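Everything quoted here is computed from the prediction, not taken from an experiment. Side chains are part of it too, since the values below use all heavy atoms of this structure and drop only hydrogens, waters and symmetry mates. Proteins come first, then strands; the chains are lettered A, B, ... in the order of their sequence lines, and each starts at number 1.
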Number of protein chains: 4
Amino acid sequence: MPKIVDHDRYRQEILTKCFDLFAQRGYGSLTMRQIAKEIGVSTGTLYHYFSSKEDLFVQLIEEITEQDILHATDLMENQSLDTMEEKILALGQFIFKNEDYFYKQTLLYMNFFQQLDLEQQQLVEAVKRSYKRYQEETMEFLGIYDLAIANHISCFIDGLIFQRAFDPESLDIQQQMDLLAKMLSAYLSSKHSDS
Amino acid sequence: MPKIVDHDRYRQEILTKCFDLFAQRGYGSLTMRQIAKEIGVSTGTLYHYFSSKEDLFVQLIEEITEQDILHATDLMENQSLDTMEEKILALGQFIFKNEDYFYKQTLLYMNFFQQLDLEQQQLVEAVKRSYKRYQEETMEFLGIYDLAIANHISCFIDGLIFQRAFDPESLDIQQQMDLLAKMLSAYLSSKHSDS
Amino acid sequence: MPKIVDHDRYRQEILTKCFDLFAQRGYGSLTMRQIAKEIGVSTGTLYHYFSSKEDLFVQLIEEITEQDILHATDLMENQSLDTMEEKILALGQFIFKNEDYFYKQTLLYMNFFQQLDLEQQQLVEAVKRSYKRYQEETMEFLGIYDLAIANHISCFIDGLIFQRAFDPESLDIQQQMDLLAKMLSAYLSSKHSDS
Amino acid sequence: MPKIVDHDRYRQEILTKCFDLFAQRGYGSLTMRQIAKEIGVSTGTLYHYFSSKEDLFVQLIEEITEQDILHATDLMENQSLDTMEEKILALGQFIFKNEDYFYKQTLLYMNFFQQLDLEQQQLVEAVKRSYKRYQEETMEFLGIYDLAIANHISCFIDGLIFQRAFDPESLDIQQQMDLLAKMLSAYLSSKHSDS
DNA sequence: TATGAATGAGACTTCATTCAT
DNA sequence: GATGAATGAAGTCTCATTCAT
């Protein structure tokens, strides 16, 4: 009888452990030996589960992309919030809580787009779809259906996460979300009074 | 004085040519041979001007950081614009024109922050200062002196640039800047009428 | 007695299946995994029957060497042929029929002699004995007892098999054996008339 | 100014030094590190001159093939021999002198034909042409133009070389060539008296 | 017995870097 | 200054082999 191992489960475990490593060092600078050492397996084992370093990275991106869709649906739904301002603040809190994850994810995605040779057009599409889906979920949560405004908010949130690279302490996410809420409210009500 | 001028000029030329390469492949994945080949010199020459790959990269970051300060001052000043909305649109156009450069710069900075081993604390500070300076210039140009709002706008702009990675065509920079202008106006006037 | 029979039978079965593989890829280029896959067992099973790759190879050589002696006796005896020429033609047909086997055997032997590290002096002797035995059987079959002529014929036959590597179609074995028969006859009768 | 090196000359030197190594250990069992160590260079240098282990091997085969054509023409011509028997004995001496080279070459060629993956169809053709050329030269030297007989002699010579693997001492090349000469003479004169 | 997951030494190959020219 | 041949450490990946099941 063979050694009993839940192949797929272990594969995912390895991927989970790789997430931080790739985010911290970057695809090109992270070596398979480093990965093996950090997650406590042999390089042979790594290659038992993944056919190459690229494959490992691509599967990691796939995993993230898939999980993100769950994230978006799960984490925002079970809240009873009335006004849009409250909702935006809640969104801010969500981002704040997952700031580290979002930042690392951002790094991984940039790495992914940087590697031209990967030529994973299919996965590129999946990532984009995931991004779009995220945006939609956010908009639905906020009750905003104007595409330009949706894009605006997305951009802002991406920028928020991205700034962590430069100076994690210089920015108060909560305050910024509060500001966004007020700007949006002012804009929407001004727009309303136009008509 | 020795003929440092030529040496230094050539050094800068090499750095300029490296900019795209590092942005496209990433620090870890780009090799000295690739650089040499693309630039059209020998690896020996590369090492004549830079003591190591890391040094080359660090000098590139320094160069960018320094030039950025010039960019910010140069490109936005010589315009006579009255309203804040006009100014924001002008800013949008500036970003739009330099979109590719900003995107690559963003990639380089992310790469830089990813490489822990570099331990270039001094340069990290310089980069941060440059970023702050950029922000200040922008705010002065727009005539906005509220730090929270300044940060808000910065975030949004970073997000704008960053989104290019995911889908260059999905976003209309001009439209987004127009929206920002309106939101800001609405917010500021609403705030004003409060008092 | 324990059930050694089955174990041994299976061992031989594996060896038989390995024959082609080693001949086609060569000792150094053939991997245990490839063997396992082609044979349809696990690598574990391979190691259950053979202590190492070298052991497997050595046992294969042993097997071949042993079987060859049988071959030689079996296949040539049950024929009632009168003249030497007829016999040589029959020998030609025998070679022709087993051409593929002989060629692969040749490859394996060369591989075996190439691997100095094996240090299987005992087996080397066995192989040589087998070769000698082969030669003797052939000579007896042909009714030739002059050692130089025996060697001559052996050489020629080896060359015949060996040439398959270069160009399987360029050589007509039957024709060549016919020629050998005639040359031998002419030589022997001329020698006879000398005395 | 670059380090002055005759690239092609050095490449050939390396190939020459590799000849024995590949013959002794076989393609699959010989490692690049072993090669580097034995010929006294670094692995890096090896890869400076050859793009891969396969490339190195293939170039070695090419080299041998090319040189062989020279061998054949050079080494047999400058002799004034009258009878065919004398010529055959001279051929025997030539083989005897170069026995070691011929044997190693044989091993290399067998290795080459064993590696299916190499898929060097073009080179396979070159090797075959070289072999044919060899045969032709020999026949011209001997003054024999009957194809069957030519093939016969080639086979015999190949067998002669090949037997070295089994037992270098059991065979007297000179004696064998003497025998061949006599058999041929007897055959040819008997054939002549037929008509 | 039989399996195949796990191992880590070592294979092939590439890299940043040096240095003779 | 400029070159690119040379280096050997280190990268990716494979291998024979082991061992829990």
Report the distance from atom [atom1] of [X] to atom [atom2] of [N], rounded to the nearest whole Å.
| X | N | atom1 | atom2 | result |
| --- | --- | --- | --- | --- |
| A:Ile39 | E:dT7 | CD1 | C1' | 14 Å |
| C:His48 | F:dT18 | NE2 | P | 14 Å |
| A:Ile14 | E:dA5 | CD1 | P | 12 Å |
| C:Asp55 | F:dT18 | CG | P | 12 Å |
| C:Leu46 | E:dT1 | CG | P | 15 Å |
| C:Lys37 | F:dA16 | NZ | P | 15 Å |
| C:Ile35 | F:dC15 | CD1 | C1' | 12 Å |
| B:Asp6 | F:dG1 | CG | P | 9 Å |

remark   = Per-nucleotide protein contact along nucleotides 10-16 of chain E, 5' to 3', at a 4.0 Å heavy-atom cut-off (B base, S sugar-phosphate only, - neither), is BBBBBBB
Result block: side-chain N/O donor-acceptor pairs under 3.5 angstrom for residues 37-48 of chain A, not counting sequence neighbours:
unit_1  : atom_1 : unit_2  : atom_2 : d
A:Ser42 : OG     : A:Thr45 : N      : 3.2
A:Ser42 : OG     : A:Thr45 : OG1    : 3.0

Sugar-phosphate only, base, or nothing, as touched by A:Phe50 at under 4.0 Å among non-hydrogen atoms =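 Contact class for A:Phe50: none.
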side-chain hydrogen bond (donor to acceptor under 3.5 Å, both in side chains) against C:Thr31, all qualifying residues, sequence neighbours excluded =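 Checked C:Thr31 against side-chain hydrogen bond (donor to acceptor under 3.5 Å, both in side chains); zero matches.
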request  = List in chain and number order the residues that pass side-chain hydrogen bond (donor to acceptor under 3.5 Å, both in side chains) with A:Tyr101, two or more places apart in sequence or in another chain; answer none if no residue qualifies.
outcome  =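 For A:Tyr101, the residues satisfying side-chain hydrogen bond (donor to acceptor under 3.5 Å, both in side chains) (neighbours in sequence not counted) are A:Asp68.
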inquiry  = Return the CZ to CD distance between C:Arg25 and D:Gln115, rounded to the nearest 0.5 Å.
reply    =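 Spacing of CZ (C:Arg25) from CD (D:Gln115) equals 9.5 Å.
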key: Rounded distance [0.5 Å steps], OG1 in A:Thr65 versus NZ in A:Lys128   =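 Spacing of OG1 (A:Thr65) from NZ (A:Lys128) equals 12.5 Å.
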task = For A:Asp55, enumerate each residue passing the salt bridge (Lys or Arg N to Asp or Glu O under 4.0 Å) test, keeping only those at least two apart in sequence or located in another chain.
result =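 Applying salt bridge (Lys or Arg N to Asp or Glu O under 4.0 Å) to A:Asp55 gives none.
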request  = Fill in the dot-bracket string of DNA chain E, one character per base: . for unpaired, | for a pair to another strand, ( ) or [ ] for pairs within the strand, taking Watson-Crick or G-U pairs under 3.5 Å.
outcome  = .||||||||||||||||||||
inquiry  = Quick check: on DNA chain E, is the nucleotide nearest A:Thr45 upstream (toward 5') of the one nearest C:Tyr49, or the reverse? Name the residue that is more 5'.
reply    =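 Upstream on the strand: C:Tyr49.
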message = Against B:Tyr27, only a single residue in B:Leu56, B:Leu60, B:Leu107, B:Asn111 fulfils side chain to side chain contact (heavy atoms under 4.5 Å, CB included); can you say which?
response =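 Per the side chain to side chain contact (heavy atoms under 4.5 Å, CB included) rule, the option paired with B:Tyr27 is B:Asn111, out of B:Leu56, B:Leu60, B:Leu107, B:Asn111.
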